[in-house]
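Only one structure is covered here, and it is reproduced in the block below.
Scope of the values below: all heavy atoms of this structure, side chains included, with no hydrogens, waters or symmetry mates. So that the names make sense, note that chain A is the first sequence line, chain B the second, and so on, each numbered from 1.
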Number of protein chains: 2
Amino acid sequence: MADAAEASGPAVEAALLHLRALLARQAAGRDAPATRLPAERDLAAAIGVSRPTLRRALQVLEDEGLIWRHVGRGTFAGPRADRVEVAIPAAALSADPAQVMAARRALEPGLAAAAAGIGLDTAARADLAAIGARTRTAQNWREYEVADTEFHLAVARLAGNPVLLLLAETLHLVRRTATWTRARGNAPAPPQDHHSFAEHDRIVAAIAARDPDAAHAAMTAHLDSVGSRFRVADAPSDGV
Amino acid sequence: MADAAEASGPAVEAALLHLRALLARQAAGRDAPATRLPAERDLAAAIGVSRPTLRRALQVLEDEGLIWRHVGRGTFAGPRADRVEVAIPAAALSADPAQVMAARRALEPGLAAAAAGIGLDTAARADLAAIGARTRTAQNWREYEVADTEFHLAVARLAGNPVLLLLAETLHLVRRTATWTRARGNAPAPPQDHHSFAEHDRIVAAIAARDPDAAHAAMTAHLDSVGSRFRVADAPSDGV
DNA sequence: TATGTAACCAATCCATGATTGGTCAAGCCT
DNA sequence: AGGCTTGACCAATCATGGATTGGTTACATA
């Protein structure tokens with residue numbers, strides 16, 4: 001009963017012919033990023049069918065991925081031209097490192113667990129381990145943060161969930177921007193200890209072993225370790 | 001000749017005193033994300049100086065980095081707040097409910113735990129409970145999702161972390177947008193069972209009790225419950 | 001059964017007026 | 001003269017209400 005698409009009658013077929021011709025004409029001037037079709041009411045009048053009939057034809061085209069519709073905006077040609085943006089409020093940008101760290105602690109363990117649910121083949125494991133190892137060779141704080149960001153984004157990418165990836169990217173964008181303000185990245189000192197390296201390795205192992213709980217715990221431990229280092233470096237920040 | 005900042009006269013000094021006091025008062029009620037000062041005309045009248053004098057004092061404060069001004073928007077306390085935006089990729093917008101659910105499972109338990117770290121006074125607890133209760137009185141799917149979103153965003157707001165709040169807002173924006181495509185919200189059925197209500201209550205209790213682990217567990221259980229309902233409601237989706 | 005007509009809803013766009021910081025000119029007051 | 005006020009105007013932004021648009025339902029029509 002679901003496939004009522006074909007059994008629609010001659011009126012919608014006629015509408016489809018008109019619409020396909022219209023789309024082909026618009027597609028000729030290709031790559032027009034926002035080719036918008038006339039409003040349904042006008043289009044129905046122009047073609048010579050009623051709006052429900054037109055809408056049934058448009059539904060077919062939408063199912064085929066040829067058009068895309070949105071309330072209040074209109075009907076557009078093309079596969080998908082939906083740009084949505086999120087404005088980062090000032091409060092997030094001026095967040096102190098402790099808040100960024102708290103956000104990471106809230107998100108990233110669950111992220112690692114999600115990645116562990118997918119698993120890791122040998123090549124991917126080597127890749128991830130290599131990326132994680134770069135945090136050890138960092139010469140200063142900024143390099144460390146770049147490498148660390150890459151590692152955590154790699155974990156997010158592994159989860160295979162675009163929503164999670166978006167959240168991770170947003171988080172690390174804020175982290176980078178918020179750190180900019182303080183600009184402590186160039187001078188202080190690279191985290192020369194072995195903690196991060198071993199911790200990253202443990203995270204990789206847990207993901208490879210498809211053990212979400214272990215991945216969660218390993219990520220939590222890692223962030224706690226980084227967080228404690230942050231706190232030490234943050235304590236004498238009276239001047240700025 | 002360039003440093004005419006100090007040689008400004010007693011009026012601007014008086015204005016500076018008032019403004020510094022005002023800023024200190026606003027900084028006391030910290031974490032106000034967009035602490036905006038009154039308009040220059042009002043502020044001048046309130047302090048008792050003319051607008052040019054006030055503006056000279058504001059200029060000093062801006063040079064010191066204490067405030068930030070923009071035409072048409074107002075004068076704001078805190079460091080400069082440039083507008084940064086994150087574009088949501090199409091992949092995230094076309095995510096299926098399971099992926100959105102997985103993202104929620106990754107983020108929101110940690111979020112609840114963070115909120116539990118802050119705690120809850122009596123009024124805040126009542127507020128949160130009231131918001132959570134609305135999910136039970138929802139008459140259809142859309143109302144339920146709106147109420148549920150409000151509840152979870154309230155939890156995020158409670159964490160007092162603008163970064164976490166940004167992540168939660170992004171997540172629920174994607175959730176709303178991704179659900180749009182399917183647009184099953186109006187008709188099907190309200191979740192009349194008691195699970196959500198009791199689960200929300202348990203989350204509130206855990207946060208109020210400052211028990212991060214319990215909050216984490218309660219949120220996980222809640223999302224699992226919602227997720228299972230999603231899956232059930234998604235399987236026989238032929239009729240819609 | 002397929003189609004047409006009509007009406008309504010919710011989301012979005014859009015034009016208009018109000019508000020805000022930025023600027024300038026002139027007058028007032030020690 | 002120098003500091004201050006007053007007043008007015010500009011350009012950017014916000015806020016508001018009406019118009020537009022896709023989504024939906026109910027009923028009539030053939």
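Side-chain atoms of A:S50 lie closest to C:dT5 of the nucleotides D:dG22, C:dG22, C:dT5. Nearest to the side-chain atoms of B:A39 among the listed nucleotides D:dC4, C:dT3, C:dG21 stands C:dG21.
Straight-line distance from the CD atom of B:E40 to the P atom of D:dA11: 18 Å, rounded to whole Å. We find that CG of A:D42 is positioned 13 Å from C1' of D:dG22, with the value rounded to whole Å. Atom CH2 of B:W68 is separated from atom P of D:dT13 by 10 Å (rounded to the nearest Å). Atom CG of A:L54 and atom P of C:dA6 are 17 Å apart (whole Å). We find that CG of A:L37 is positioned 13 Å from C1' of D:dT21, with the value rounded to whole Å. The distance between atom CG of A:L58 and atom C1' of D:dG23, rounded to the nearest whole Å, is 12 Å. What separates CZ of A:R56 from C1' of D:dG22 is a distance of 16 Å, to the nearest Å. Atom CD in B:Q59 sits about 14 Å away from atom P in C:dG21, given to the nearest Å.
Distances shown here put every side-chain N or O of B:R73 at or beyond 4.0 Å from the OP1 or OP2 atom of D:dA12. In this model, the phosphate group of C:dT20 is not approached by any side-chain N or O of B:R69 to a distance below 4.0 Å at OP1 or OP2. Close to D:dT21, at under 4.0 Å from its OP1 or OP2, lies no side-chain N or O of A:R41. Phosphate contact (OP1/OP2 of D:dG22, side-chain N/O of A:T75, threshold under 4.0 Å): present. At least one side-chain nitrogen or oxygen of B:R55 sits closer than 4.0 Å to the OP1 or OP2 atom of C:dG22. At least one side-chain nitrogen or oxygen of A:R36 sits closer than 4.0 Å to the OP1 or OP2 atom of D:dT21. The side chain of B:H70 places an N or O atom within less than 4.0 Å of a non-bridging phosphate oxygen (OP1 or OP2) of D:dT13.
With hydrogens and angles left out, the side chain of A:R51 and the base of D:dG23 share a donor-acceptor pair within 3.5 Å.
Ionic pairing of B:R104 and B:D148 is present here: one or more N-O contacts between side-chain nitrogen and carboxylate oxygen are shorter than 4.0 angstrom. Electrostatic pairing of A:E13 and A:R56 does not count as a salt bridge here, judged by no charged N lying under 4.0 Å from a carboxylate O. The pair A:E169-A:R175 does not count as a salt bridge, with every side-chain nitrogen at least 4.0 angstrom from each carboxylate oxygen.
For the residue pair A:H172 / A:E108, a side-chain donor-acceptor distance below 3.5 Å is found, with atom types taken as modelled. Looking only at atom types and distance, the side chain of B:H222 has no donor-acceptor partner in the side chain of B:R202 under 3.5 Å away.
Looking at heavy-atom distances under 4.0 Å, A:P52 makes contact with a base.
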